[in-house]
Amino acid sequence: MAITATVRRRVDEDHVSVSIPSYNFPHSIVDRSTNVERGQQIELVGNVTHIDEKDGKVTIHLGPPVTVDIDKVRLVEKYRAPKRKKPLRDMVD
């Protein structure tokens with residue numbers, strides 16, 4: 001699952017504070033790039049650990065677990081390597 005977060009400020013040279021929609025706690029991520037600016041959108045990707053359909057919430061593992069409204073997340077596909085059509089080596093009969 002992916003969440004679009006907004007950069008709030010740089011905490012130190014390795015961490016950036018971000019604002020996650022419907023998540024009412026401060027959150028920082030590791031970002032070693034120097035060209036991140038305030039207000040920039042960043043996509044955070046994590047695995048789903050819990051879905052609460054009754055309350056419309058989903059918990060995603062982004063380091064610490066983050067619980068947000070289900071309409072704030074979107075499904076992204078995991079990268080899968082292409083399948084080989086030929087074997088790695090020739091088989092001699």
Side-chain angles (χ1 to χ4, degrees):
M1 298 300 266
I3 302 172
T4 302
T6 305
V7 174
R8 294 175 54 204
R9 65 185 175 92
R10 180 162 292 281
V11 178
D12 61 23
E13 60 192 31
D14 291 339
H15 291 83
V16 174
S17 176
V18 295
S19 174
I20 299 174
S22 78
Y23 184 66
N24 298 325
F25 298 98
H27 188 73
S28 66
I29 58 171
V30 174
D31 185 41
R32 291 185 175 88
S33 64
T34 59
N35 56 356
V36 176
E37 296 178 6
R38 183 180 177 153
Q40 182 177 346
Q41 302 289 318
I42 293 181
E43 184 175 89
L44 305 176
V45 179
N47 295 325
V48 173
T49 59
H50 181 74
I51 299 174
D52 186 0
E53 292 181 17
K54 180 179 149 192
D55 291 335
K57 303 279 186 183
V58 62
T59 303
I60 301 173
H61 183 72
L62 296 174
V66 173
T67 302
V68 295
D69 293 337
I70 203 162
D71 62 342
K72 303 295 182 195
V73 297
R74 60 189 174 79
L75 182 64
V76 292
E77 289 189 34
K78 189 178 359 177
Y79 172 76
R80 296 180 194 259
K83 298 195 182 226
R84 292 188 181 276
K85 295 182 181 178
K86 294 182 181 180
L88 289 174
R89 60 188 175 107
D90 292 332
M91 304 300 275
V92 179
D93 291 331

* To do: Would you list the pairs meeting side chain to side chain donor-acceptor pair (under 3.5 Å) in which at least one residue belongs to residues 56-72, sequence neighbours left out?
  => K57-D69, T59-T67
* In terms of hydrophobic clusters joined by side-chain contacts under 4.5 Å, are V48 and L75 together? -> yes
* To do: Could you list the residues that satisfy side-chain contact (heavy atoms from CB on, under 4.5 Å) with E37, not counting sequence neighbours?
  => Q40
* Asked: Does T49 have any side chain to side chain donor-acceptor pair (under 3.5 Å) partners at least two apart in sequence or in another chain, and if so, which?
  -> none
* Backbone N or O of S28 within a donor-acceptor pair of the R8 side chain at under 3.5 Å? -> no
* Output the distance between atom OG1 (T6) and atom CD1 (I20), rounded to the nearest 0.5 Å. => 10.0 Å
* To do: Have a look at S22 and tell me which of V73, V66, V68, I3 forms a side-chain contact (heavy atoms from CB on, under 4.5 Å) with it.
  => V68
* Nearest non-hydrogen partners of A5 and L44, listed with the distance -> CB-CD1, 3.9 Å
* Asked: Which ILVMFWY residues can you reach from V76 by hopping between side chains whose heavy atoms are under 4.5 Å apart?
  -> V45
* To do: Look at atom CG of N24 and say whether more than 12 heavy atoms of other residues, nucleotides or ligands are closer to it than 6.0 Å.
  => no
* **side-chain contact (heavy atoms from CB on, under 4.5 Å) partners for D12, two or more places apart** => D14, H15
* Greater than 12 external heavy atoms within 6.0 Å of Q41's CD -> yes
* **Cluster companions of V11 among Ile, Leu, Val, Met, Phe, Trp, Tyr (side-chain spacing under 4.5 Å)** => none
* Structure fact -> Residue set satisfying side chain to side chain donor-acceptor pair (under 3.5 Å) with E53, at least two apart, ordered chain then number -> none
* Asked: Does R9 have any salt bridge (Lys or Arg N to Asp or Glu O under 4.0 Å) partners at least two apart in sequence or in another chain, and if so, which?
  -> none
* Atom pair OG (S19) and CD1 (I42), whose distance is rounded to the nearest 0.5 Å -> 11.5 Å
* For the atom pair OH (Y23) and CD1 (I60), what is the distance rounded to the nearest 0.5 Å? -> 11.5 Å
* Taking side chain to side chain donor-acceptor pair (under 3.5 Å) as the test, write out the residues that go with H50, two or more places apart. => none
